[in-house]
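A short write-up of the structure that comes next.
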Amino acid sequence: MGMIVAERKSVDEIVRRLDGYGSILVAGCSECVTVCQAGGEKEVEVLAALLRLRGFTGVVTDVLTRQCDVEFLPALDEKAAQADCIVSLACGVGVQFLAERYRERWVLPGLNTKFGGGARRPGVWEERCGFCGECVLHLTGGVCAIIRCSKSLLNGPCGGSQDGKCEIDAEVECAWQLIYQRLQGLGRLDLLSEPIPPKDWSHARDGGPRKVQRPDVMAV
Amino acid sequence: MKSGSRLERLFAAGHFVCTGEVGPPKSASSRSISRHAAHLRDAVDAVNLTDNQTAIVRLSSIAAGVHVLGEGVEPIIQMTCRDRNRIALQSDLLGAYSLGLRNVLCLSGDHQAFGNHPASRNVFDVDSIQLIKLVKDLRDEKKFQSGEACRVEPRMYIGAAANPFADPFEFRVVRLAKKVAAGADFIQTQAIFDLERFKRWMGMVRDRGLHEQVHIMGGIVPVKSAVALERTGEVAGMVVPPELFKRMQGAPKGKQQEEGINIAVELIEEIRQIPGVRGVHIMAIAWEEMVPEIVERAGLLPRPQLEETGPQARE
């Protein structure tokens, strides 16, 4: 399942930021962060238990259907009203949605939101999408050069590709080697002879905060 | 003439061209640049100025190029895609040309994970092939990447790198062809130690006729010791054959530097015989003073003189 992959911050870091707060609400999310085992019900209870061990007595918990959808936020209102501080174990979207809703409450991120990726095997998640806003996977045989090449080269591989590995680390696969092999297997190496022009990064984060508006969905 | 640079004129006149390299210092002083330029003045035809190589902050390649020019040496400024977006790259090309610089080598750039600022962001708004095209568009089409016209265009002689030792091997010549199609005028290769592989690559280059469309210079790195050679072989995209390493190891203590020079000279002599090779690029970083001896022993002195067209005018 493709998803936002996140990883919990260290308890030490979370505790440092909670200094001075009495009642704390740890809020999880049932979507991506549940799947990647960073902010679901189990992880929420684990963090709550760890905080209690560190001397925080007023810790309560809840898990929302989705923190990234305002429709589901009211379910948290009652507990949020009782808390001095909310630790969100959702991705950065959830943290912000809670901060926007609970203007009088201090909302802290409990996770580091890492990337768009998926599980390769139990306990291993890998990045596959950088949300560049204009997919070019048709040019590169379904291997993303933007996110999997360390230099986001559109005309790779660079001179640092050796034995299928990237120059930055022998553990990192060279995306362009993968692209080459894939296109070779498909008999489409001809695609690599064509120079790919500079990307229009205005569709990416570089163009400012992005918004998708769908009138067809709005009308329903 | 595309740029009229000394380098371009030497190639046009059919000379076997010899270039050197200077790494600018990690300081605001130009003294070491001028000293190294003076060492190289009569030994090579032009000198590369590296652009924050291995992602370590150094005096800028453009500023270094101006210091080298002041020593009467032809500069080739290196320009990487790591640190600047297309706005800054075009701006620097305008500035470099206005300062009298006429040659630019377009590179992707080492990843910043290697350098002393691993916490920095990289840019890679364009890649090396797109950068070549960008420089050519400015020169030949007189237009910026936006499509707008450039009133006084920077007329740069365009260089690019090629690494016959990186993988996948069969793709390396395709990549060269892409660089040539994008507008590369000359090529400097990664350091050659594996002569057999370089010859195989040149064979593929000739099969495609690329040697007639671009001036290919073989890269030479003289090494001071067996340890240095071993380390070089560990760099991604570098190949050092075991026999060569054994030969360096076999040299008696105190004679390894001499053996390193011998190897460099022999490599130049061999590379020069390969059809389609139009020059050598000697990268003796922190060993610049040895370049004149290497060039002399390789039979490449004196360097050709050109009828001066006067100092390169500043626009």
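Excluded from the calculations below are hydrogen atoms, water molecules and symmetry mates; all remaining heavy atoms, backbone and side chain alike, are included. Below, chains carry the letters A, B, ... as their sequence lines are ordered, and counting in each starts from 1.
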Does a side chain donor of either A/S202 or A/D200 reach within less than 3.5 Å of an acceptor in the other side chain?
->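 Side-chain D/A pair, A/S202 to A/D200: present.
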Any side-chain donor-acceptor pair under 3.5 Å between B/E21 and B/T50?
->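 No pair is found: no donor N or O on one side chain lies under 3.5 Å from an acceptor on the other.
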Part of [X] lying under 4.5 Å from any heavy atom of chain B:
{"X": "A/Q181", "value": "neither"}
{"X": "A/L189", "value": "neither"}
{"X": "A/D163", "value": "both"}
{"X": "A/K151", "value": "both"}
{"X": "A/P197", "value": "backbone"}

Proximal to chain A - members of residues 159-173 of chain B, heavy-atom separation under 4.5 Å |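 Under the 4.5 Å heavy-atom cut-off, B/N163, B/F165, B/A166, B/D167, B/P168, B/E170, B/F171, B/R172 qualify.
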Contact origin within [X] toward chain A - heavy atom pairs under 4.5 Å:
{"X": "B/D125", "answer": "both"}
{"X": "B/R86", "answer": "side chain"}
{"X": "B/V235", "answer": "backbone"}
{"X": "B/Q112", "answer": "neither"}

Contacts table for residues 199-214 of chain B: side-chain donor-acceptor under 3.5 angstrom, sequence neighbours left out:
from	atom 1	to	atom 2	distance (Å)
B/R206	NH1	B/P275	O	3.0
B/Q213	NE2	B/G209	O	3.3

Chain B contacts, top residue of A/C166, A/C158, A/G164 (heavy-atom pairs, under 4.5 Å) |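 With the most close heavy-atom pairs to chain B, the winner is A/C158.
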Could you check which of A/S152, A/C174, A/A170, A/S193 has the highest count of heavy-atom pairs closer than 4.5 Å to chain B?
->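 Among the listed options, the one with the most contacts to chain B is A/S193.
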Specify which of B/A177, B/A181, B/A113, B/S108 makes the most heavy-atom pairs with chain A at under 4.5 Å.
->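 Going by pairs under 4.5 Å, I would pick B/S108.
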Straight-line distance of B/C106 SG to B/K136 NZ, nearest 0.5 Å =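 The NZ atom of B/K136 is 12.5 Å from SG of B/C106, to the nearest 0.5 Å.
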How many angstroms lie between CG in B/L107 and CG in B/N48, if you round to the nearest 0.5 Å?
->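 It comes to 8.5 Å.
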Taking the basic N atoms (NZ, or NE/NH1/NH2) and the acidic carboxylate oxygens, is any pair closer than 4.0 Å for [X] and [Y]?
{"X": "B/D51", "Y": "B/R84", "result": "yes"}
{"X": "B/R139", "Y": "B/D185", "result": "yes"}
{"X": "A/E126", "Y": "A/R148", "result": "no"}
{"X": "A/R188", "Y": "A/D190", "result": "yes"}
{"X": "B/K133", "Y": "B/D137", "result": "yes"}

Please tell me if the side chains of B/F198 and B/L267 come closer than 4.5 Å, counting only heavy atoms from C-beta onward.
->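 A side-chain contact is absent here, since even the closest heavy-atom pair is not under 4.5 Å.
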Does B/Q190 reach the side chain of B/M238, with side-chain heavy atoms less than 4.5 Å apart?
->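 Heavy-atom side-chain distance check passes, below 4.5 Å.
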